[in-house]
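Working notes, beginning with the structure itself.
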Amino acid sequence: MSHSCRLLCGFLMSCIGWTGIIIATSTNDWVVTCKYNMHTCRKMDELETKGLWTECVISTALYHCISLNQILDIPAYIQTSRALMVSASLLGLPALALVLLAMPCVKLSQETEDTKHRRAVLGGLLILFISLCGIVSTVWFPIGVLHEDGLMSFGFSLYAGWVGSALCFFGSSMMICCSRGDSPTQNPENRYYYSKHSGVTNSGPPINSHAKSAHV
C-alpha cells in the first residue's frame, strides 16, 4: 500500500471516528439504569437513562428529563467524562485539518516532504489523544453508574463512543507509523562494489573512450 493510500485510510477512519465521538457527546442515551429487574422497573416507572447532560425517566406514558446543571452536586466521573469528551470534540477539527494539509495532493508554497511528515505526525498524535479521551470516558462512565445507581444495559451513545474511539485509535496509529513515504529505490547505475585488486569499481555500463592508447 502506497504512502498516499495509507494516509487517506487513516484520515477517513479518524474522520468517521470523530463523528462518532461527537454523536456520543451530544446525545444522552449512554446507560439504562434500574434498581430492580426490567419488568418491575417498567411497572414502577423507574427505568432511567443517564448521559453526560441529562437523566431521563422512561415509561409507556411518560418521558421526563432532568438536566444535570448543579456542578457541585454532579459526581466526579460525570464531570471528568464531560471534560474529556468536549475536549475530544473540539480537538478533532484542527487535527483533521493538519492531516488534510499533509496529503500528497495538497501543495503549499516552499514546503518539503519532511514538513508534510511532521504535520501528519502531529495530526496523528492529536487524534490519538482524542481516542484516549473517548476510551477513558466511555469506560469510566458506566463503571461509575454501576457503583452509584445500578447498571442495567448500555445505550446507543456509549456504543457510538466506543466505535468512534476505536476508529480514531487505529486511524491515528496508521498515520503516525506509516506517514513517511516509501523509500526511493536506488539507481543501479550508481551502485559501487569493492574489489580487492582494483579497489572501488562502478557497476554501471562501461564508458566508451575514443582516445588511442599511447605506447612507450
Side-chain angles (χ1 to χ4, degrees), residues 7 9-34 47-58 63-103 118-176 179:
L7 198 59
C9 288
F11 174 78
L12 292 178
M13 291 175 64
S14 302
C15 188
I16 298 173
W18 179 53
T19 305
I21 289 178
I22 292 177
I23 292 174
T25 306
S26 59
T27 54
N28 292 294
D29 189 16
W30 278 55
V31 293
V32 178
T33 60
C34 180
L47 187 63
E48 299 179 356
T49 61
K50 178 177 285 190
L52 297 178
W53 314 103
T54 60
E55 290 183 356
C56 299
V57 178
I58 303 175
Y63 187 84
H64 178 66
C65 294
I66 301 174
S67 299
L68 302 176
N69 296 326
Q70 303 296 328
I71 302 298
L72 299 179
D73 297 335
I74 297 175
Y77 70 91
I78 296 181
Q79 296 186 19
T80 306
S81 299
R82 279 183 180 182
L84 291 176
M85 294 299 287
V86 170
S87 300
S89 300
L90 294 177
L91 286 176
L93 186 60
L96 292 175
L98 285 173
V99 178
L100 186 62
L101 291 176
M103 293 289 179
R118 288 194 295 267
R119 191 180 294 132
V121 170
L122 180 59
L125 289 175
L126 286 177
I127 296 174
L128 180 62
F129 177 75
I130 290 171
S131 68
L132 293 178
C133 289
I135 291 171
V136 172
S137 300
T138 53
V139 171
W140 192 7
F141 189 90
I143 293 176
V145 174
L146 177 63
H147 290 295
E148 185 182 18
D149 297 327
L151 179 64
M152 194 69 185
S153 63
F154 302 133
F156 165 76
S157 303
L158 200 63
Y159 288 115
W162 282 339
V163 173
S165 300
L167 288 175
C168 286
F169 180 80
F170 289 117
S172 62
S173 301
M174 182 176 295
M175 286 185 289
I176 293 172
S179 59

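Worth knowing before you read on, the calculation uses all heavy atoms, side chains too, and leaves out hydrogens, waters and symmetry mates. Predicted, not measured: the structure shown is a model, and the values here were computed from it. We're numbering straight along the sequence, starting at 1.
By the neighbour-count criterion of 12 heavy atoms within 6.0 Å, atom CZ of Phe169 is sparsely surrounded, having that number or fewer from other residues, nucleotides or ligands.
Separation of atoms SG (Cys133) and CD1 (Ile21) is listed at 8.0 Å; rounding is to 0.5 Å. To the nearest 0.5 angstrom, Ile23 atom CD1 is 12.5 Å from Asp29 atom CG. Put simply, CG on Leu90 and CD1 on Ile22 are 9.0 Å apart, with the number rounded to the nearest 0.5 Å. With values rounded to the nearest 0.5 angstrom, Leu96 atom CG is found 11.0 Å from Leu101 atom CG. A distance of 4.0 Å separates OG in Ser172 from CG in Leu128, rounded to the nearest 0.5 Å.
Under the side-chain contact (heavy atoms from CB on, under 4.5 Å) criterion, Leu126 pairs with Ala95, Leu98, not counting sequence neighbours. Taking the disulfide (SG to SG under 2.5 Å) definition, one finds that Cys56 meets it with Cys65, sequence neighbours left out.
Between Ile143 and His147, the closest side-chain pair of non-hydrogen atoms falls below 4.5 Å. Using a 4.5 Å heavy-atom threshold, the side chains of Ile127 and Trp18 count as separate.
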Check the pair Val145, Phe141 against side-chain contact (heavy atoms from CB on, under 4.5 Å), reporting the backbone distance first and the verdict last.
CA-CA 6 Å; Val145 174; Phe141 189 90; 3.7 Å; yes
Verdict with reasoning, Asn28 to Thr49, per side-chain contact (heavy atoms from CB on, under 4.5 Å):
CA-CA 8 Å; Asn28 292 294; Thr49 61; over 6 Å; no
Please table the atom pairs, donor to acceptor, closer than 3.5 Å between any side-chain atom in residues 75-89 and protein atoms at least two apart or in another chain.
| residue | atom | partner | partner atom | Å |
| --- | --- | --- | --- | --- |
| Tyr77 | OH | Glu148 | OE1 | 2.5 |
| Gln79 | NE2 | Ile71 | O | 2.6 |
| Gln79 | NE2 | Ile74 | O | 3.0 |
| Thr80 | OG1 | Ala76 | O | 2.8 |
| Ser81 | OG | Tyr77 | O | 2.7 |
| Arg82 | NE | Leu52 | O | 2.6 |
| Arg82 | NH2 | Leu52 | O | 2.9 |
| Arg82 | NH2 | Leu68 | O | 2.8 |
| Ser87 | OG | Ala83 | O | 2.7 |
| Ser89 | OG | Thr25 | OG1 | 3.4 |
| Ser89 | OG | Met85 | O | 2.9 |

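For residues 123-137, there are no side chain to side chain donor-acceptor pair (under 3.5 Å) pairs, not counting sequence neighbours. Among residues at least two apart or in separate chains, side chain to side chain donor-acceptor pair (under 3.5 Å) pairs with a member in residues 155-171 are Thr27-Ser157, Thr138-Trp162. For residues 119-141, the pairs satisfying salt bridge (charged side-chain N to carboxylate O under 4.0 Å, His left out) are Glu111-Arg119, with sequence neighbours left out.
Met174 and Gly10 get closest at one heavy-atom pair: SD-N, 3.7 Å. Scanning both residues, Ser14 and Met175, for their nearest heavy atoms gives OG-CE, 3.4 Å. Of all the heavy atoms in Gly124 and Val99, the pair that sits closest is N-CG2, 4.3 Å. Gly17 approaches Cys168 most closely through the heavy-atom pair C-SG, 3.5 Å.
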